[in-house]
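Comments concern the structure below.
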Amino acid sequence: MKITDLSITLFTWDNIPQTSYGEHKRFGGSSQLGLLAISTDEGITGHAFLGSSRQAADIDAPALIRYLKPVVMGQDALDRERINQVLWKRARNTTTRAVGAIDVALWDIAGKAANMPIHKLLGSFRDRAPAYASSQVLPSAAAYAEQAAHYKALNWPAYKIHPPQAWREDIKVAEAVRNAVGADYTLMCDPGWCYNYEEALRVGFALDDLNYYWYEDPLADQDLYNYVKLKQKLRTPIMATEYPQAGLDSYAQWIIQSATDFLRGDVAIKGGITTLIKTAHLAEAFHLNYEIHHGGNSLNNVANLHVMMAIANAQYFEVFLPDEAQKYGLVKDIEVDATGHVHAPTEPGLGAEIDFELIKRKTVALLR
């Protein structure tokens with residue numbers, strides 16, 4: 001099954017609400033997504049989305065066309081591992097997001113060719129998974145407490161705070177949320193790489209006392225030295241490795257140095273479904289959870305969901321709030337049911353219905 005064409009349709013995403021998940025993620029207004037289409041000589045087309053509400057696709061798309069398209073043209077679309085190895089050799093010229101988009105589209109082709117969902121090709125482990133609400137930065141501790149109580153009332157099994165990123169205030173937020181939901185409700189805290197070691201330790205001790213389930217990315221994303229020290233001091237499990245943007249080998253030192261309790265990744269930051277499966281299985285070999293991060297756009301989240309359905313060592317599916325800043329471009333997006341679960345896609349390939357009419361209306365460029 002030969003690849004005959006690759007194109008990216010850039011389309012606008014307007015009316016994104018002003019949203020923050022910390023100093024590293026502030027956005028709103030307009031952005032662009034890219035619909036990647038890989039065509040084959042057997043009439044099967046694979047798709048992926050490029051970009052997000054805060055990272056416009058026009059940043060990555062030209063380099064993908066210039067550096068990655070030439071090496072995939074004419075290749076067998078089912079030779080995903082071989083193509084993946086070639087793409088990673090070109091990663092210095094482009095981005096992991098571009099590598100990931102091509103990989104996701106190739107998995108979409110494979111699923112469609114086999115007439116089964118991607119998670120079935122991978123080897124399904126489950127057909128549903130518990131979701132958690134992942135907060136935006138909110139104006140007060142009371143606002144976090146109210147939001148957490150709301151999602152608990154909807155039967156969502158867990159809630160994660162993105163706090164204001166000032167350690168004293170962050171502790172007050174963590175306390176207010178725990179008081180609002182009770183002692184047994186599952187809570188996580190993600191301060192987004194904002195603390196020095198001493199601040200991270202003080203917040204970590206507070207989270208220990210408050211029985212938080214995990215403490216995510218408190219230190220700079222490559223500060224292994226201090227992560228090792230921090231992990232030795234705390235009872236609350238540490239979760240790192242979401243960044244840097246890199247592939248399989250970036251996880252090795254975190255495991256060797258015992259610098260984190262859980263590993264982390266998604267198809268955009270780590271370069272596709274192929275990398276996620278490899279890293280999830282690497283984590284499993286060390287009896288570590290591999291918790292999947294939000295994918296940045298709706299179709300990436302579908303790809304993440306397929307991976308989650310195919311691995312045993314991921315516990316919760318992340319749903320960023322608010323929906324209006326995260327969901328776009330699909331006719332029907334992933335929904336959390338009345339029991340707080342998301343469900344495995346059932347259609348071939350990615351199994352998501354792309355809103356081609358919306359994309360046609362919002363198209364600003366076609367890159368080939």
Side-chain angles (χ1 to χ4, degrees), residues 19-26 130-221 223 226-243 259-264 289 291-294 315-322 325 340:
T19 307
S20 172
Y21 302 111
E23 289 298 326
H24 61 295
K25 291 182 182 179
R26 293 180 179 272
Y132 69 93
S134 191
S135 85
Q136 67 275 63
V137 174
L138 295 172
S140 67
Y144 285 97
E146 181 180 355
Q147 188 179 73
H150 170 74
Y151 283 96
K152 181 185 178 184
L154 292 177
N155 295 319
W156 289 41
Y159 176 81
K160 185 173 81 178
I161 63 173
H162 287 94
Q165 297 188 320
W167 71 268
R168 290 181 177 86
E169 187 176 355
D170 295 353
I171 290 173
K172 293 177 181 177
V173 168
E175 291 171 342
V177 170
R178 172 54 74 202
N179 290 335
V181 298
D184 297 329
Y185 190 67
T186 300
L187 296 174
M188 304 87 148
C189 181
D190 178 3
W193 311 287
C194 74
Y195 303 141
N196 61 34
Y197 173 75
E198 293 78 12
E199 293 167 340
L201 190 63
R202 291 185 176 101
V203 175
F205 285 150
L207 297 180
D208 282 351
D209 292 340
L210 294 166
N211 192 32
Y212 271 60
Y213 185 65
W214 76 52
Y215 185 21
E216 182 176 346
D217 292 328
L219 299 166
D221 57 26
D223 187 7
N226 282 310
Y227 268 107
V228 171
K229 292 198 301 176
L230 186 67
K231 181 173 175 289
Q232 291 170 347
K233 297 280 189 179
L234 300 179
R235 298 193 311 273
T236 304
I238 299 291
M239 183 159 70
T241 69
E242 178 182 312
Y243 277 80
T260 184
D261 294 290
F262 298 162
L263 301 184
R264 183 78 152 148
N289 273 22
E291 295 296 335
I292 297 174
H293 178 245
H294 187 278
Q315 190 163 358
Y316 292 104
F317 186 80
E318 183 167 30
V319 180
F320 265 26
L321 305 175

Spell out, as yes or no, whether a donor-acceptor pair under 3.5 Å connects the side chain of [X] to the backbone of [Y].
X: Y144; Y: L138; result: yes
X: S140; Y: A143; result: yes
X: Y185; Y: A158; result: yes
X: S20; Y: R26; result: no

Name every donor-acceptor pair, under 3.5 Å, that has one atom in a side chain of residues 145-154 and the other anywhere in the protein, sequence neighbours excluded.
residue: Q147; atom: OE1; partner: Y159; partner atom: OH; Å: 2.7
residue: Q147; atom: NE2; partner: Q136; partner atom: OE1; Å: 3.1
residue: K152; atom: NZ; partner: V181; partner atom: O; Å: 2.6

Contact summary for [X] and [Y], nearest pair of heavy atoms:
X: I238; Y: T260; result: O-OG1, 3.1 Å
X: P163; Y: D190; result: CD-O, 3.2 Å
X: A133; Y: L321; result: CB-CD1, 4.0 Å
X: P130; Y: P157; result: CB-CG, 3.6 Å
X: L207; Y: A174; result: CD2-CB, 3.9 Å
X: S134; Y: K160; result: OG-CE, 3.3 Å

Side chain to side chain, [X] and [Y], heavy atoms closer than 4.5 Å:
X: Y215; Y: P191; result: yes
X: D221; Y: D217; result: no
X: P218; Y: W167; result: no
X: E175; Y: L210; result: yes

Item to check | Steps toward side chain to side chain contact (heavy atoms under 4.5 Å, CB included) verdict (H24, Q165) | outcome: CA-CA 11 Å; H24 61 295; Q165 297 188 320; 3.9 Å; yes
Checklist entry - Got a sec, which pairs hit side chain to side chain donor-acceptor pair (under 3.5 Å) with one end in residues 197-214, sequence neighbours left out? => result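 Qualifying pairs: D208-T236, Y213-Q315, W214-E216.
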Checklist entry - Can you say whether the rings of F320 and H294 are parallel (under 30°), tilted (30 to 60°) or perpendicular (over 60°)? => result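 The arrangement is parallel - the two ring planes meet at less than 30°.
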Let me confirm one number: the [atom1]-[atom2] distance from [X] to [Y], rounded to the nearest 0.5 Å.
X: H293; Y: R264; atom1: NE2; atom2: CZ; value: 5.5 Å
X: E291; Y: M188; atom1: CD; atom2: CE; value: 7.0 Å
X: H162; Y: C194; atom1: NE2; atom2: SG; value: 11.0 Å

Item to check | Verdict with reasoning, Y316 to W156, per side chain to side chain contact (heavy atoms under 4.5 Å, CB included) | outcome: CA-CA 11 Å; Y316 292 104; W156 289 41; over 6 Å; no
Item to check | Over 12 foreign heavy atoms within 6.0 Å of NZ, K25 | outcome: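 Counting neighbours around NZ of K25, more than 12 heavy atoms of other residues, nucleotides or ligands fall under 6.0 Å, so yes.
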